[in-house]
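Letters A, B, ... mirror the listed sequences (proteins, then strands); counts begin at 1. Given the structure is predicted, the values throughout are model-derived calculations rather than measurements.
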Amino acid sequence: MTQQPEFTTSGAMVEALDVRKSFGAHEVLKGINLTIRKGEVVCLLGPSGSGKSTFLRCINHLERMSGGRILVDGHLIGYNERHGLLYEMSGKELARQRQDIGMVFQRFNLFAHHDVLTNISQAPILIRGQSREQAFARARELLKLVDLEGREDAYPYQLSGGQQQRVAIARALAMNPKLMLFDEPTSALDPELVGEVLAVMRKLAADGMTMLVVTHELAFAREVADRVIFMDQGVVVEEGPARQVIDAPQHERTKTFLRRMH
Amino acid sequence: MSEQRIIPARNWGQWVIAIILIVIVGFLLAMVIMSRHITWSAIPQYLFDETILEGIKLTILFTVLSMLISIVAGGVLAMMRLSPNAIVSGFASLYIWFFRGTPLLVQIIFWFNIQLFIPSIDIGSIHFDTNSIITAFVAALLALSLNEAAYMAEIMRGGLMAVDSGQQEAAKALGYTPTQAMLRIIFPQALRVIIPPIGNQTISMLKTTSLVSVVAAQDLLTRAQNIYAKNFLIIELLIVASIWYLVMTTVASSLQYMIERRLGRSTSDAPMAWRAALRLLRAEGSNG
């Protein structure tokens, strides 16, 4: 485990400043402030409906914020700021920003009409302009990393949930992102398949990838995360080193949540 | 061990109905065949008549062109209807409401007579006589295409909406632009839902084109009518036309069956067919 990170804005990969989000009258995020340093692995815990997935989706602007700012690697996400006003970016500008932010979904969302190789290599070819040979070679390398060597020709429906999720991770990695977002990556999996996906994520963390993981896997968080952030009802309730928050929570809400999880 | 002989249950009711049907159909056939008012020899004589064959060409041309135009226009309308802009999506809804809500026959006659209220088109110093542009052919094609586009828009919208929203999110998250996501991810998957109804519409269009005979657009039915207007072999020529319509719809149906079998047998074959088609296109692109 790494030592307690310092909260300086210079080595920051993600900075969230007073992020707010409402769906109609319902306020889901009530001012989230947090910083994730480069190379850091952070797990976002909290009961369902606490806003953690919504917050994650704000980071690559899949969800439009109602207020606040998010910076990834120093760049304001989703908006151009001119004369103190925020102008939402065009689809093309958003696409440019999202190229560098990998995302893994709860329901995998592999492209159903593409085989595994195309799933992984299409974006690098189409968006990064890599040659087919280069992208295919990298895809095979990534398949090896996620322990699916030789499955290039399989279609998503031929794979188990755990295998699909590992392909989805490889697909995100193929764009060489500087940040990986995981939105409950194991919640849709049969219990016996959770381990294989977590194993891949463990490898990524060990390789120094900056990761923000929304999860209910306490054991994984305790073991892999540098830091844990506990959210409830749209606010950050508690954050700190993983073992400290999980084994010795300070706040009543954190304690209640963790008791229910065990 | 010997096989047990089994006598299946007999459904006498079904037999009675079958016999009644045979009697009725036989009676009707006999009535037609023995009719002294039908000149049977005229049917083979006109079946391959040059005028009739020209009409078939035009009927096929109307079908193909109007389907192509309506697929493009319908695609645009479908995307407009799904637009977040209220005016854009409102326009598409209005279009669909109007063109589905009025009879095609009325639309055909309307386009044919458009010069009654737009006698000429002036763009700067260039002057067109509406009559010289909107010929019977153009009027018929416009009416068929614009009308079909409304139905096509709904088919395509259904197809686009049938694609799981997670597919678009995944494409967005990877950095696909909205256009790339539509062309590479959403549309190819919508095709599987869209193609079977497009096949049905095409088959139906083969017959619908006969409506343009009201403006004498020289399709199969117009030609048959022109011939029987002179020789009064009305039933004979209608039989000739019907035979050809049946041939065309039968061929189109078997084509549709073949395409659908390759495309929609299961989720497994859809991507295969799509990839095979893409590979073919790519190979041709690199050769040429």
Rounded to the nearest 0.5 Å, how far does CG of Asn109(A) lie from CD1 of Ile185(B)?
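So the CD1 of Ile185(B) and the CG of Asn109(A) are separated by 11.0 Å.
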
Counting only non-hydrogen atoms closer than 4.5 Å, can you tell me which residues of residues 86-94 of chain A sit against chain B?
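Gly91(A), Lys92(A) fall under the 4.5 Å cut-off.
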
Taking side-chain contact (heavy atoms from CB on, under 4.5 Å) as the test, write out the residues that go with Gln106(A), two or more places apart.
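Counting only residues at least two positions away or on another chain, Gln106(A) forms a side-chain contact (heavy atoms from CB on, under 4.5 Å) with Glu184(A), Ser187(A), Ala188(A).
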
Tell me every residue that passes side-chain contact (heavy atoms from CB on, under 4.5 Å) with Ser253(B), counting only those two or more places apart in sequence or in another chain.
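Checked Ser253(B) against side-chain contact (heavy atoms from CB on, under 4.5 Å); matches are Ile203(B).
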
Residues from residues 154-170 of chain B approaching chain A under 4.5 Å (heavy atoms)
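So the qualifying residues are Asp164(B), Gly166(B), Gln167(B), Glu169(B), Ala170(B).
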
Any heavy-atom pair between the side chains of [Y] and [X] that's under 4.5 Å?
{"X": "Leu191(B)", "Y": "His113(A)", "value": "no"}
{"X": "Gln122(A)", "Y": "Tyr176(B)", "value": "yes"}
{"X": "Thr177(B)", "Y": "Arg96(A)", "value": "no"}

Is the number of heavy atoms from other residues, nucleotides or ligands within 6.0 Å of [atom1] ([X]) greater than 12?
{"X": "Lys203(A)", "atom1": "NZ", "value": "yes"}
{"X": "Arg107(A)", "atom1": "CZ", "value": "no"}
{"X": "Arg64(A)", "atom1": "CZ", "value": "no"}
{"X": "Lys57(B)", "atom1": "NZ", "value": "no"}
{"X": "Ile87(B)", "atom1": "CD1", "value": "no"}

Interface moiety of [X] toward chain B, non-hydrogen atoms closer than 4.5 Å:
{"X": "Arg57(A)", "value": "side chain"}
{"X": "Leu181(A)", "value": "neither"}
{"X": "Ile101(A)", "value": "backbone"}
{"X": "Phe105(A)", "value": "side chain"}

Closest-packed option against chain A by number of heavy-atom pairs under 4.5 Å, given Pro178(B), Ala171(B), Ala181(B), Gly175(B):
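Looking at each option in turn, the highest pair count goes to Gly175(B).
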
